[in-house]
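Right, one structure below, let's go through it.
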Amino acid sequence: MATACAHISAIGKVKQPKRRECQECVKIHSTWVHLRTCQQCGATLCCDSSPNQHASKHAHATGHPVVASAEIGERWLYCYPDDEMAEY
Ligand SMILES: [Zn+2]
Ligand SMILES: [Zn+2]
Ligand SMILES: [Zn+2]
């Protein structure tokens, strides 16, 4: 994968979402716009356009750097600390 980000380069098999819903929004009966799947622990959480921005909060709280889009047909990874994106 052509990227300067070592976090993304280290990803082998990209983790896909177990369920297409934000696991945190479901708990608080909230809604989301798009979904991201954490490549470290497999959590599926909502994007920065969503009111709760759970994926971003998760990355900052846990230090898990890379998420993949969990949207059907989208094949890209994003690293929060390096602000790098790569298609796979
Ligand atoms: Zn990185
Ligand atoms: Zn959420
Ligand atoms: Zn995680």
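In what follows, every heavy atom counts, from backbone to side chain, and hydrogens, waters and symmetry copies are set aside. Read the numbers this way: they start at 1 and go in the same order the structure lists the ligands and their atoms.
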Rounded to the nearest 0.5 Å, what separation is found between the [atom1] atom of [X] and the [atom2] atom of [Y]?
X	Y	atom1	atom2	value
C5	E84	SG	CD	6.0 Å
E24	H54	CD	NE2	5.5 Å
R36	C46	CZ	SG	9.5 Å
L45	H58	CG	NE2	6.0 Å
I28	C22	CD1	SG	7.5 Å
D48	S56	CG	OG	4.5 Å

Given a threshold of 2.8 Å, state how many protein N/O/S atoms are nearer than that to the Zn ion (ligand 1).
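There are 4 of them.
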Do T62 and Q40 pass the side-chain contact (heavy atoms from CB on, under 4.5 Å) test, and can you show the C-alpha distance, the side-chain angles, and the key distance before you say yes or no?
CA-CA 10 Å; T62 60; Q40 194 113 355; over 6 Å; no
Steps toward side-chain contact (heavy atoms from CB on, under 4.5 Å) verdict (V26, W32):
CA-CA 10 Å; V26 164; W32 56 86; 4.2 Å; yes
Nearest non-hydrogen partners of [X] and [Y], listed with the distance:
X	Y	result
C47	V33	SG-CB, 4.2 Å
T31	N52	O-ND2, 4.1 Å
T37	A70	OG1-CB, 3.5 Å

Are L35 and V14 in one and the same hydrophobic cluster, where Ile, Leu, Val, Met, Phe, Trp and Tyr link if side-chain heavy atoms are under 4.5 Å apart?
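No, L35 does not connect to V14 through the hydrophobic network.
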Which pairs pass side-chain hydrogen bond (donor to acceptor under 3.5 Å, both in side chains) with one or both residues in residues 14-23, sequence neighbours excluded?
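Sorted pair list: Q16-Y88, R19-E21.
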Atoms of type N/O/S from protein, distance to the Zn ion (ligand 3) below 2.8 Å:
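Protein N, O or S neighbours of the Zn ion (ligand 3) under 2.8 Å, waters not counted, come to 4.
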Protein N, O or S atoms less than 2.8 Å from the Zn ion (ligand 2), ignoring waters?
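Listed by chain and number: C22 SG, C25 SG, C46 SG, H54 ND1.
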